[in-house]
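Read the structure below first, then the notes.
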Amino acid sequence: MRILVVQSGGIAGLRSEHELDTDVLPEETRRSLTQLVAGVAFFGLSPVRASKLPDMIHYRVRIEEDGRAHEVTFDDGCGERPLLELVERVTELARTLR
Amino acid sequence: MRRVANEKDLPRTPQLIVPPHIFAHMATLSDAAWPGVADRARESLEFATELRTERLHMRGVTPLTTTDSEGRLRTVYDAEHGFGLPGKAVRGEGEPATDDVSVNEAYDALGATYDYFFQVHRRDSIDGRGLPLDATVHYRRAFNNAFWNGRQMVFGDGDGEIFGRFTQSLDMIGHELTHGVTQYEAGLDYQDQSGALNEHMSDVYGSLVKQYARQQTASKADWLVGAGLWAKGIRGKALRSLKAPGTAYDDPRLGKDPQPANMKDYVDTADDNGGVHINSGIPNHAFYLASIGFGGKAWLKAGKVWYLALTQSLHRDADFLVAAAATVDAAGRLFGTKGATVVRTAWKKVGIEVKSSSHTKSGTTEQPTGRAKGAVNRANSRGPERRHRRAS
């Protein structure tokens, strides 16, 4: 599974990208990440949601797995806690693997 | 109490203005010498207490305002690196400092922002009606942001690579709380030019909160927003500069500050809600130029002009040209023809022309019929490619 997280906005208006190939992760880490993706039913999520609140970080998350791909955009004001937890975990792992 | 500069700055609902210590003194007076005075003073004090208690539940009632910081009602919470808001209450109004620097910085900055709006614009908190100021620190892990979520402030600790903790910048906290003021006033739609104006207003009053706290003149102020937020090693002095947009940072990891200072450099992009953090550089610079043009302390003239426009003229889909006309008009109302000329000249220098017309103290004469180079014809746009490089 490949996961791409693109962040933009926030108070500084900065943009950053984090990409993660779960194949390179240890078995236990890969399993927990897979569970997070399954937990939010990622491939069934509507593609766009936005709070329109100021200074929010905007996220574009794209996941490719088994020949299928899905992309979702949202921001910190949307109240999508499971998605935010997924973003935080992917970002953290991507930083570790740099 | 400080006197207001102009009656147009007065709150729209009546306020009680006798300080409580005077009522307290009156309550001790002899009934023989001053029949009924002591009883009425005690009733007033009781009424004041009831009013302050009820204000949290009543829309349309302006709270009792008696001193320059009377209405402050701050609570700082700790999210303990989780997602839940507001989190655990760790410091309430009037409580002593804690061992947590983020908590204390947030508490102090909320107070400084409240004081600015109350003492300069006679505005009682974010909504003008004494809204309690809540803030949560330690939100999530290594969270690189701070924001106003429509109800409260939220601060991350930063990742230590790009940002440090977000509570350390007074102007940035003033910036965020001003988003709340805008929400209750013009309600500027957070997209394209109206969104850039929303950002602009927050940068203006964030900077003025800091200047007021330091009692600096326009010529002495640094005009930076977010100074000190960058982590060690980042090549930059702040997130934005009103004095010199486009010069706040230049770092291999972040790229260069992309803010334009003139409409000819307007950036047309789909990112960042239409470049709201980029194109705000244009009205930001106009405000700086107007402040320098007026001279002295920026909150006394330019700050009041912009506040009048924000609270009485601008609407949710206002664009730069509308904002320029509104501020020229507000300057004419507050400071006459000379004031209008200062503001009109400032906008002209950033490529936005408002047609000249006569001003009176009581009338509105400006119409948004000027020109904003680049606002309609985006031929000068540099496009989305003028974005930052990867931040990590």
Side-chain angles (χ1 to χ4, degrees), chain A residues 2-21 29 32-33 36 39-40 47-62 71-98, chain B residues 82-85 139-150 154 156 159 161-163 166 169 172 175-176 178-180 182-183 188-191 195 198-199 202 225-226 229-230 236 238-240 248-249 253-255 257-259 271-273 275-278 280 387-392:
Chain A
R2 296 179 71 83
I3 306 177
L4 173 70
V5 175
V6 179
Q7 299 187 14
S8 63
I11 60 169
L14 297 180
R15 185 178 188 277
S16 66
E17 286 186 21
H18 300 279
E19 193 163 10
L20 192 65
D21 184 346
T29 307
S32 71
L33 201 55
L36 267 178
V40 299
V48 180
R49 58 199 77 191
S51 71
K52 285 283 185 180
L53 288 168
D55 289 334
M56 294 291 159
I57 293 179
H58 298 260
Y59 304 96
R60 178 164 63 87
V61 180
R62 178 181 173 83
E71 192 168 290
V72 173
T73 61
F74 57 100
D75 64 54
D76 277 325
C78 294
E80 304 285 354
R81 180 168 169 172
L83 275 173
L84 294 175
E85 286 175 339
L86 174 64
V87 163
E88 195 169 277
R89 185 71 177 131
V90 170
T91 305
E92 196 174 69
L93 288 168
R95 279 199 186 115
T96 307
L97 293 170
R98 268 191 318 201
Chain B
F83 288 82
L85 292 174
Y139 178 65
R140 295 167 57 179
R141 287 174 291 168
F143 185 60
N144 270 342
N145 204 20
F147 58 84
W148 165 260
N149 73 354
V154 181
D159 61 1
E161 293 182 21
I162 305 296
F163 289 109
F166 283 83
S169 171
M172 188 46 69
H175 170 107
E176 292 305 328
T178 303
H179 279 308
T182 298
Q183 169 190 321
L188 291 161
D189 188 31
Y190 205 63
Q191 183 71 41
N198 195 323
E199 274 301 312
S202 281
V225 175
L229 282 183
W230 295 124
L239 304 186
R240 291 183 282 279
Y249 60 87
R253 280 176 288 180
L254 304 176
D257 176 0
Q259 282 211 312
D271 286 347
D272 187 29
N273 292 97
V276 296
H277 291 93
I278 299 174
S280 53
R387 298 294 306 160
H388 303 272
R389 295 179 202 168
R390 293 173 54 159
S392 60

At a 4.5 Å cut-off on heavy atoms, which part of [X] comes close to chain A: side chain, backbone, both, or neither?
{"X": "B:Arg240", "value": "side chain"}
{"X": "B:Glu199", "value": "side chain"}
{"X": "B:Leu229", "value": "side chain"}

Looking only at atom types and distance, does a side-chain atom of A:His58 sit under 3.5 Å from a main-chain N or O of B:Asn273, one as donor and one as acceptor?
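Judged by distance alone, no pair lies under 3.5 Å.
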State, without any angle test, whether A:Asp55 and B:His175 hold a side-chain donor-acceptor pair at a distance under 3.5 Å.
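Note: A:Asp55 and B:His175 side chains meet the donor-acceptor criterion.
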Between A:Arg95 and B:Asp159, is there a side-chain N and carboxylate O pair less than 4.0 Å apart?
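Salt bridge flag = yes for B:Asp159 with A:Arg95.
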Between B:Asp271 and A:Arg60, is the closest basic N to carboxylate O distance under 4.0 Å?
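Looking at A:Arg60 and B:Asp271, the cut-off is not met.
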Between A:Pro54 and B:Phe147, what is the shortest heavy-atom contact and its length?
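Reported closest heavy-atom pair: O-CB, 4.2 Å.
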Considering all heavy atoms of both residues, which atom of B:Tyr249 and which atom of A:Ala12 are nearest to each other, and what is their separation?
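So the minimum-distance heavy-atom pair works out to OH-O, 4.4 Å.
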How long is the gap from [atom1] on [X] to [atom2] on [Y], to the nearest 0.5 Å?
{"X": "B:Leu239", "Y": "A:Leu14", "atom1": "CG", "atom2": "CG", "value": "7.5 Å"}
{"X": "A:Ile11", "Y": "B:Ser169", "atom1": "CD1", "atom2": "OG", "value": "7.5 Å"}
{"X": "B:Arg141", "Y": "A:Glu88", "atom1": "CZ", "atom2": "CD", "value": "4.5 Å"}
{"X": "A:Met56", "Y": "B:Asp272", "atom1": "CE", "atom2": "CG", "value": "13.0 Å"}

I'd like to know whether B:Phe83 forms a side-chain contact (heavy atoms from CB on, under 4.5 Å) with A:Leu84, so could you lay out the CA-CA distance, the side-chain angles of the two residues, the decisive distance to 0.1 Å, and finally the verdict.
CA-CA 9 Å; B:Phe83 288 82; A:Leu84 294 175; 3.4 Å; yes
With a 4.5 angstrom heavy-atom cut-off, which part of A:Glu85 approaches chain B: side chain, backbone, both or neither?
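Both backbone and side chain of A:Glu85 come within 4.5 Å of chain B.
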What pairs of residues pass the ring-ring contact (aromatic ring centres under 6.0 Å, His included) test when at least one of them lies in residues 73-98 of chain A, not counting sequence neighbours?
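Qualifying pairs: A:Tyr59-A:Phe74.
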